[in-house]
Amino acid sequence: MPSARILSRLFFTTSPLSKTNSSHHQFIIPSYSCSSPSLLFSSPVNPHRSTLNSTRFSSPFISSRRGLSSSRMDASGSEIEVSYIGQQAAKEIDEILMGPLGFSVDQLMELAGLSVAAAIAEVYKPSENRKVLVICGPGNNGGDGLVAARHLYHFGYEPVICYPKRSSSPLFSGLVTQLKSLEITFLSKEELPPLLSDEYDLVVDAMFGFSFRGMPREPFAHLIKVVSMLTHAHIEHKKETKVISVDIPSGWDVELGDAAQENGVASPGIRPHMLVSLTAPKLCAKKFTGPHHFLGGRFVPPAIVKQFNLKLPPYPSSSMCVRIGKPPSVDISSLRENYVSPELLESKVSADPFDQFKIWFDEALGAGLREPNAMALSTIGKDGKPSSRIVLLKGFDKQGFVWYTNYASRKARELSENPNASLLFHWNELNREVRIEGIVTKVSEEESEKYFHSRPRGSQLGAVVSKQSTVLPDRSVIYNAYKELEQKYCDGKEIPKPEYWGGYRLTPTWFEFWQGQTSRLHDRLQYTPREVEGKQVWQIERLSP
């Protein structure tokens with residue numbers, strides 16, 4: 001942790017907003033806007049004062065010091081509870097994080113900025129929203145914006161930064177240096193276009209965080225007005241530019257909401273399309289009416305959750321953000337993606353489809369896609385009804401594509417009735433698909449045996465107990481059978497492969513390689529076998545999209 005002297009030099013600097021009126025000074029302390037620091041405290045705080053068991057709360061209102069729960073819907077439509085916290089609680093949480101819990105400001109800022117960038121990337125894809133303006137304030141909320149800009153650059157966006165009141169601290173100077181090393185442009189307020197929608201697809205509002213009080217002063221009063229123009233329907237723009245606010249929309253009261261509206265000002269403040277709350281949503285977030293509300297800052301320890309009675313949604317998998325509330329209802333017919341990809345040309349692909357598949361599969365692996373070996377297997381039984389499911393590719397060569405399953409399953413039954421099947425690989429992040437059709441046969445018993453014993457023991461036990469595709473009265477039946485088998489083989493002895501489990505190989509008779517392109521003019525190259533001078537070769541033909 002920094003010493004008290006360093007903290008006072010770094011954080012308790014006079015706010016640039018207060019320079020126009022020397023009798024009204026405010027001070028900046030790192031609070032977190034997702035770890036949330038952009039705090040504007042009215043009085044200094046001793047960073048070494050707090051302990052988890054003795055934190056004192058100065059606010060008489062429970063809404064300011066404890067989490068108030070409110071029912072919201074998760075992505076599946078199920079009701080969940082989320083805590084909304086007031087300004088005092090937000091300050092106290094930051095104080096504990098950067099005191100007894102040992103977090104440093106740069107750690108919290110990095111997590112905050114990454115959370116913001118991850119939320120943006122989840123909703124606004126860089127293929128259609130490439131140009132991003134990030135407006136940064138003088139405090140740590142602005143620092144969150146600087147970090148978010150760096151991550152957005154690496155995510156494939158083209159960020160531009162407006163940072164009119166720069167902090168001279170080494171932390172912020174370092175962030176500016178990092179961004180300039182990426183050749184990211186910094187613009188002054190005067191260099192911005194009169195209508196931001198003329199230049200930018202997205203605008204990130206990282207001006208003020210949860211400790212802001214009062215009405216904003218210049219240059220931020222002007223910037224807030226310009227951004228707010230993007231969020232009101234009565235103003236015409238060449239295109240719709242989305243606004244993303246970090247922790248609270250700048251200019252809002254942290255507990256009451258839109259300060260301009262609350263004070264009766266004719267022109268209302270920012271109404272963002274997306275709000276990325278940090279640590280826990282603030283009370284003003286209840287006034288947020290946009291379609292996308294996310295929570296970021298995946299670092300809140302159990303001690304703080306317990307002490308502040310917080311109810312926070314679980315973060316999915318390794319994600320740095322989680323959606324709060326039900327996703328907006330949309331017209332399904334309007335959902336579309338305009339693919340931007342390199343051309344797939346006959347002159348550039350391999351003459352052999354197996355070689356071309358290996359090239360694309362290796363690129364999918366290199367891109368870090370989740371389960372690039374996942375493929376849709378489609379079969380048709382004697383009743384003529386098709387069925388599809390996802391299976392995992394476990395090997396391929398010039399003889400075909402191999403996967404393993406239960407020989408008593410529905411797909412196995414249909415393959416015994418009709419060995420014709422198809423495979424589909426879909427690599428969404430690369431705008432690519434591969435379709436393969438062919439004849440399916442079982443692999444040798446030796447090959448199945450070898451693969452079975454290469455699997456984790458839990459997977460081996462699962463294959464033994466599962467009578468795949470049969471009806472179960474409830475989950476406890478198979479769970480109890482698994483536990484019994486686990487106990488039987490707890491001494492580590494070899495688990496025998498069941499006779500009803502093994503592998504299949506699809507030997508291809510047709511390939512198609514699909515590459516998404518703009519305006520639905522997709523590239524499609526099919527490979528079909530032809531006999532030329534007694535030898536089988538693969539003929540490449542282009543299909544209409």
Side-chain angles (χ1 to χ4, degrees), residues 33-34 38 112-113 115-138 141-153 155-165 179 184-209 212 216 218-252 258 260 267-278 288-294 296 321:
S33 76
C34 167
S38 296
S115 299
V116 171
I120 292 171
E122 185 163 322
V123 175
Y124 304 114
K125 304 304 179 186
S127 58
E128 295 184 350
N129 302 278
R130 189 170 299 276
K131 294 187 176 181
V132 184
L133 173 65
V134 184
I135 306 178
C136 299
N141 192 268
D144 296 344
L146 295 175
V147 173
R150 169 160 45 79
H151 286 293
L152 288 171
Y153 171 86
F155 290 173
Y157 298 85
E158 295 177 4
V160 171
I161 298 171
C162 179
Y163 187 23
K165 294 288 185 180
L179 293 163
I184 294 175
T185 301
F186 281 75
L187 297 178
S188 66
K189 175 177 74 73
E190 292 71 25
E191 292 173 305
L192 294 175
L195 287 176
L196 300 182
S197 57
D198 289 347
E199 297 288 338
Y200 305 106
D201 303 307
L202 304 174
V203 173
V204 178
D205 157 32
M207 287 179 271
F208 300 117
F212 176 82
E218 296 299 342
F220 296 102
H222 171 76
L223 289 170
I224 290 174
K225 182 178 180 180
V226 171
V227 174
S228 71
M229 291 171 63
L230 299 171
T231 64
H232 296 284
H234 66 278
I235 300 175
E236 293 186 4
H237 299 276
K238 290 182 180 179
K239 63 179 180 181
E240 187 177 25
T241 297
K242 306 295 187 182
V243 176
I244 299 97
S245 287
V246 178
D247 205 32
I248 70 167
S250 292
W252 282 31
D258 187 350
S267 57
I270 297 172
R271 296 178 183 173
H273 304 85
M274 172 185 281
L275 175 63
V276 185
S277 293
L278 300 170
F288 172 69
T289 58
H292 305 292
H293 188 187
F294 282 80
C321 61

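Since the structure is predicted, the reported quantities are computational estimates derived from the model, not experimental observations.
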Please give me the minimum heavy-atom distance between [X] and [Y], naming the atom from each residue.
| X | Y | answer |
| --- | --- | --- |
| Y124 | K242 | CE2-CG, 3.6 Å |
| S245 | I270 | OG-CG2, 4.1 Å |
| C321 | A118 | SG-C, 3.9 Å |
| P216 | I224 | CG-CD1, 3.7 Å |
| A149 | P159 | O-CG, 3.5 Å |
| Y157 | I120 | OH-O, 3.9 Å |

Just how far is it from atom [atom1] of [X] to atom [atom2] of [Y], taken to the nearest 0.5 Å?
| X | Y | atom1 | atom2 | result |
| --- | --- | --- | --- | --- |
| F288 | I248 | CZ | CD1 | 13.5 Å |
| L179 | Y163 | CG | OH | 10.0 Å |
| L202 | E158 | CG | CD | 11.5 Å |
| R150 | I161 | CZ | CD1 | 10.0 Å |
| H222 | E190 | NE2 | CD | 8.0 Å |
| F186 | L146 | CZ | CG | 6.0 Å |

Just so I know, are the side chains of [X] and [Y] near enough to count as touching, which here means a heavy-atom distance under 4.5 Å?
| X | Y | result |
| --- | --- | --- |
| R271 | P249 | no |
| F220 | P138 | yes |
| L133 | L192 | yes |
| L223 | K189 | yes |

| For atom NZ of K125, is the number of surrounding heavy atoms from other residues, nucleotides or ligands below 6.0 Å larger than 12? |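 Counting other residues, nucleotides and ligands, NZ of K125 exceeds 12 neighbours.
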| request: Can you establish whether the number of heavy atoms outside F155 located under 6.0 Å from its atom CZ is more than 12? | output: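 Yes.
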Between [X] (side chain only) and [Y] (backbone N and O only), is there a donor and an acceptor less than 3.5 Å apart?
| X | Y | answer |
| --- | --- | --- |
| T241 | Y200 | yes |
| D247 | G209 | no |
| D205 | S250 | yes |
| H273 | G290 | no |

| What pairs with R130 under salt bridge (Lys or Arg N to Asp or Glu O under 4.0 Å), at least two apart in sequence or on another chain? |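 Applying salt bridge (Lys or Arg N to Asp or Glu O under 4.0 Å) to R130 gives none.
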